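Throughout, residue positions are numbered sequentially from 1 according to the sequence presented. Scope of the values below: all heavy atoms of this structure, side chains included, with no hydrogens, waters or symmetry mates. The model shown is predicted, which means the values in this text are computed figures rather than measured ones.
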Amino acid sequence: MSGFRPPTRHGVGPSCVGLPAGPWPTLLDFLAERFPGVAWQTWQQRLTRGDVLDACGQPISLAAASQPPCPTHTRLYYYREVPNEAPIPFEEVVLHRDEHLLVVDKPHFLPVVPSGGYLAETVLVRLKRKLGLDDLAPIHRIDRDTAGLVLFATQSASRAAYSALFRQHQVHKIYHAIAPWRADLPMPQLRQSRIQPAGHFMLQQEVPGEPNAITHIRVLQVRGALARYELRPVTGQRHQLRVHMLALGLPLLNDGLYPTLTPEGQVDHAHPLQLLARELAFTDPVTGQARHFVSQRQLMF
């Protein structure tokens with residue numbers, strides 16, 4: 001059934017996996033091998049609850065999944081879950097909502113979309129549950145550590161038009177950041193460099209080569225040993241602003257990645273990364289209107 005997708009449940013959209021030909025006698029055997037991080041008992045519970053569906057959206061029973069033969073060359077849908085997910089004690093704020101667009105002011109620490117150990121405690125799932133918008137989808141993303149503006153499409157039909165604005169660098173983005181003050185460093189700065197993944201999957205780094213990352217940097221305010229900076233990224237490489245500021249000897253205040261990687265799980269809610277996606281401006285590709293949104297959040301020296 002081309003284009004078919006089961007509905008969202010409790011704000012969580014279905015995940016999909018293809019079933020290739022293989023040596024598995026039963027569907028349960030395939031699932032156990034394909035997802036080694038999920039216990040056999042967990043799959044049994046999901047099947048019993050009707051949370052595993054066939055390509056037509058029909059629940060697969062535990063009995064059917066436990067008997068050969070294992071179906072092949074088809075699709076399987078399931079609803080992901082994160083047991084004992086820790087609550088994140090900060091709330092997102094909807095700044096704007098219309099027929100096509102939703103603008104959210106995201107707090108620090110809250111991921112935009114499900115990933116790893118985050119599912120219900122994400123902006124996307126929270127808003128799907130609160131607003132009942134099953135087609136809601138992010139147009140772009142910012143890091144979990146970063147606060148500020150995130151755009152969502154409320155209709156799948158118009159999402160591509162908004163996403164194209166970011167791919168084509170037609171969105172005017174302004175970030176604010178708190179970092180060390182260096183009197184010896186000329187400002188404003190134009191940082192152009194090549195950024196690529198570093199040795200650790202969490203990190204990025206500057207390397208020699210053709211620049212793929214461009215950021216305009218200027219000082220807004222100096223207070224003692226720290227300063228408030230305005231960062232205007234032209235491109236959108238992962239961790240671009242954090243890497244560019246570090247390269248200038250200006251690591252962002254409370255950054256748990258740069259220059260030192262904090263061990264996983266050591267989250268300090270009292271000391272968030274001082275980086276804020278403060279402003280977004282663009283011409284709406286659907287309505288033709290000039291759009292300009294400003295975060296209500298503030299950084300702390």
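Considering all non-hydrogen atoms of both residues, Leu241 and Pro233 come closest at CD2-CB, 4.0 Å. For the pair Gly236 and Lys173, the tightest heavy-atom approach, listed with the atom from each and the gap, is CA-NZ, 4.5 Å. Contact between Leu275 and His108 at its shortest, heavy atoms only, is O-NE2, 3.5 Å. Across Leu250 and Pro180, no two heavy atoms sit closer than the pair CD2-O, 3.1 Å. Counting all heavy atoms, side chain and backbone alike, Leu246 lies closest to Pro259 at CD1-CB, 3.7 Å. Scanning both residues, Leu101 and Asp98, for their nearest heavy atoms gives N-OD1, 2.6 Å.
Through direct or indirect side-chain contacts shorter than 4.5 Å among Ile, Leu, Val, Met, Phe, Trp and Tyr, Trp40 is connected to Val17, Leu19, Trp24, Leu27, Leu28, Phe30, Leu31, Phe35, Val38, Trp43, Leu47, Val52, Ile60, Leu62, Leu76, Tyr78.
Residues Ile142 and Tyr175 meet the side-chain proximity criterion, which asks for heavy atoms closer than 4.5 Å. Looking only at side-chain heavy atoms (C-beta outward), Tyr79 and Arg49 stay at 4.5 Å or farther from each other. You'll find the side chain of Ser115 stays beyond 4.5 Å of the side chain of Thr122, heavy atoms only. Here the side chains of Glu81 and Thr42 are in contact, with some heavy-atom distance below 4.5 Å. The shortest side-chain heavy-atom distance between Phe282 and Arg291 falls under the 4.5 Å cut-off. In this structure the side chain of Arg75 reaches within 4.5 angstrom of the side chain of Tyr77, judged on heavy atoms. Between Ser295 and Leu149, the closest side-chain pair of non-hydrogen atoms falls below 4.5 Å. No side-chain heavy atom of Asn212 sits less than 4.5 Å from a side-chain heavy atom of Thr235.
Without hydrogens or angle criteria, Gln274 side chain to Met300 main chain gives a donor-acceptor distance under 3.5 Å. In this structure, Glu279 contributes its side chain and Ile174 its backbone to no donor-acceptor pair below 3.5 Å. Judged by distance alone, the side chain of Thr154 and the main-chain N or O of Glu99 form a donor-acceptor pair under 3.5 Å. Remark: the backbone N or O of Leu119 is paired with a side-chain donor or acceptor of Glu85 at under 3.5 angstrom. Proximity of a side-chain donor or acceptor of His176 to a complementary backbone N or O of Leu276 within less than 3.5 Å is not detected. Between the side chain of Glu230 and the backbone N or O of Leu220, no donor-acceptor pair lies under 3.5 Å. Although no hydrogens or angles enter the test, the distance criterion places no donor-acceptor pair under 3.5 Å between the side chain of Gln67 and the main chain of Thr26.
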Donor-acceptor pairs under 3.5 angstrom involving side-chain atoms of residues 182-191: please list them, not counting sequence neighbours.
residue: Arg182; atom: NE; partner: Asp184; partner atom: OD1; Å: 3.2
residue: Arg182; atom: NH1; partner: Leu248; partner atom: O; Å: 2.6
residue: Arg182; atom: NH2; partner: Asp184; partner atom: OD2; Å: 2.8
residue: Gln189; atom: NE2; partner: Pro186; partner atom: O; Å: 3.1
residue: Arg191; atom: NE; partner: Glu206; partner atom: OE2; Å: 3.2
residue: Arg191; atom: NH2; partner: Glu206; partner atom: OE1; Å: 2.8

Cut-off 3.5 Å, no hydrogens considered: what does the side-chain donor-acceptor table look like for residues 129-140, sequence neighbours left out?
residue: Arg129; atom: NE; partner: His10; partner atom: O; Å: 2.3
residue: Arg129; atom: NH2; partner: His10; partner atom: O; Å: 3.1
residue: Lys130; atom: NZ; partner: Glu91; partner atom: OE1; Å: 3.1
residue: Lys130; atom: NZ; partner: Glu92; partner atom: OE2; Å: 2.5
residue: His140; atom: NE2; partner: Leu151; partner atom: N; Å: 3.0

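Using a 3.5 Å distance cut-off with no hydrogens or angles, the side chains of Thr283 and Gln170 do not pair a donor with an acceptor.
Linking ILVMFWY side-chain heavy atoms closer than 4.5 Å, directly or via other members, places Tyr162 and Leu280 in a single hydrophobic cluster. Note on Phe166 and Leu102: separate hydrophobic clusters, where clusters join Ile, Leu, Val, Met, Phe, Trp and Tyr whose side-chain heavy atoms are under 4.5 Å apart, directly or indirectly. When the side chains of ILVMFWY residues are joined at heavy-atom separations under 4.5 Å, either directly or via intervening members, Leu95 and Val150 end up in two distinct hydrophobic clusters. Hydrophobic clustering (side-chain heavy atoms under 4.5 Å, transitive across Ile, Leu, Val, Met, Phe, Trp, Tyr) groups Val243 together with Leu261. When the side chains of ILVMFWY residues are joined at heavy-atom separations under 4.5 Å, either directly or via intervening members, Val125 and Val123 end up in two distinct hydrophobic clusters.
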Original post:
side-chain contact (heavy atoms from CB on, under 4.5 Å) between Gln155 and Val286: does it pass, once the steps are laid out?
Top reply: CA-CA 12 Å; Gln155 298 185 31; Val286 177; over 6 Å; no
**OP:** Kindly indicate, with the supporting measurements, whether the criterion side-chain contact (heavy atoms from CB on, under 4.5 Å) is fulfilled by Met245 and Leu231.
**Re:** CA-CA 9 Å; Met245 291 293 281; Leu231 312 178; 3.8 Å; yes
**OP:** Just do the side-chain contact (heavy atoms from CB on, under 4.5 Å) check on Leu124 and Phe152 with the steps written out, would you?
**Re:** CA-CA 9 Å; Leu124 180 62; Phe152 290 81; 4.0 Å; yes
**OP:** Applying ring pair (Phe, Tyr, Trp, His ring centres under 6.0 Å), run through His239 and Tyr258 and close with a yes or a no.
**Re:** CA-CA 10 Å; His239 293 176; Tyr258 305 95; 5.5 Å; yes
**OP:** List the steps and the verdict of side-chain contact (heavy atoms from CB on, under 4.5 Å) for Val112 and Val104.
**Re:** CA-CA 10 Å; Val112 174; Val104 179; over 6 Å; no
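Within the structure, every pair that satisfies the salt bridge (Lys or Arg N to Asp or Glu O under 4.0 Å) test and touches residues 6-23, not counting sequence neighbours, is listed here: Arg9-Asp51.
Separating the NZ atom in Lys106 from the CZ atom in Phe90 is a distance of 10.5 Å, to the nearest 0.5 Å. A distance of 7.5 Å separates CD1 in Ile217 from NE2 in His244, rounded to the nearest 0.5 Å. Residue Thr215 holds its OG1 atom at 12.0 Å from CZ of Arg232, rounded to the nearest 0.5 Å.
Residues His269 and Phe109 place their aromatic rings such that the two centres sit under 6.0 Å apart.
For Arg297, the salt bridge (Lys or Arg N to Asp or Glu O under 4.0 Å) partners two or more places apart in sequence, or in a different chain, are Asp105. With sequence neighbours left out, Arg242 forms a salt bridge (Lys or Arg N to Asp or Glu O under 4.0 Å) with Asp143, Asp145, Asp255.
One finds no salt bridge joining Arg194 and Glu210 here, because no Lys/Arg side-chain nitrogen approaches an Asp/Glu carboxylate oxygen to under 4.0 Å.
More than 12 heavy atoms of other residues, nucleotides or ligands sit less than 6.0 Å from atom CD of Gln168.
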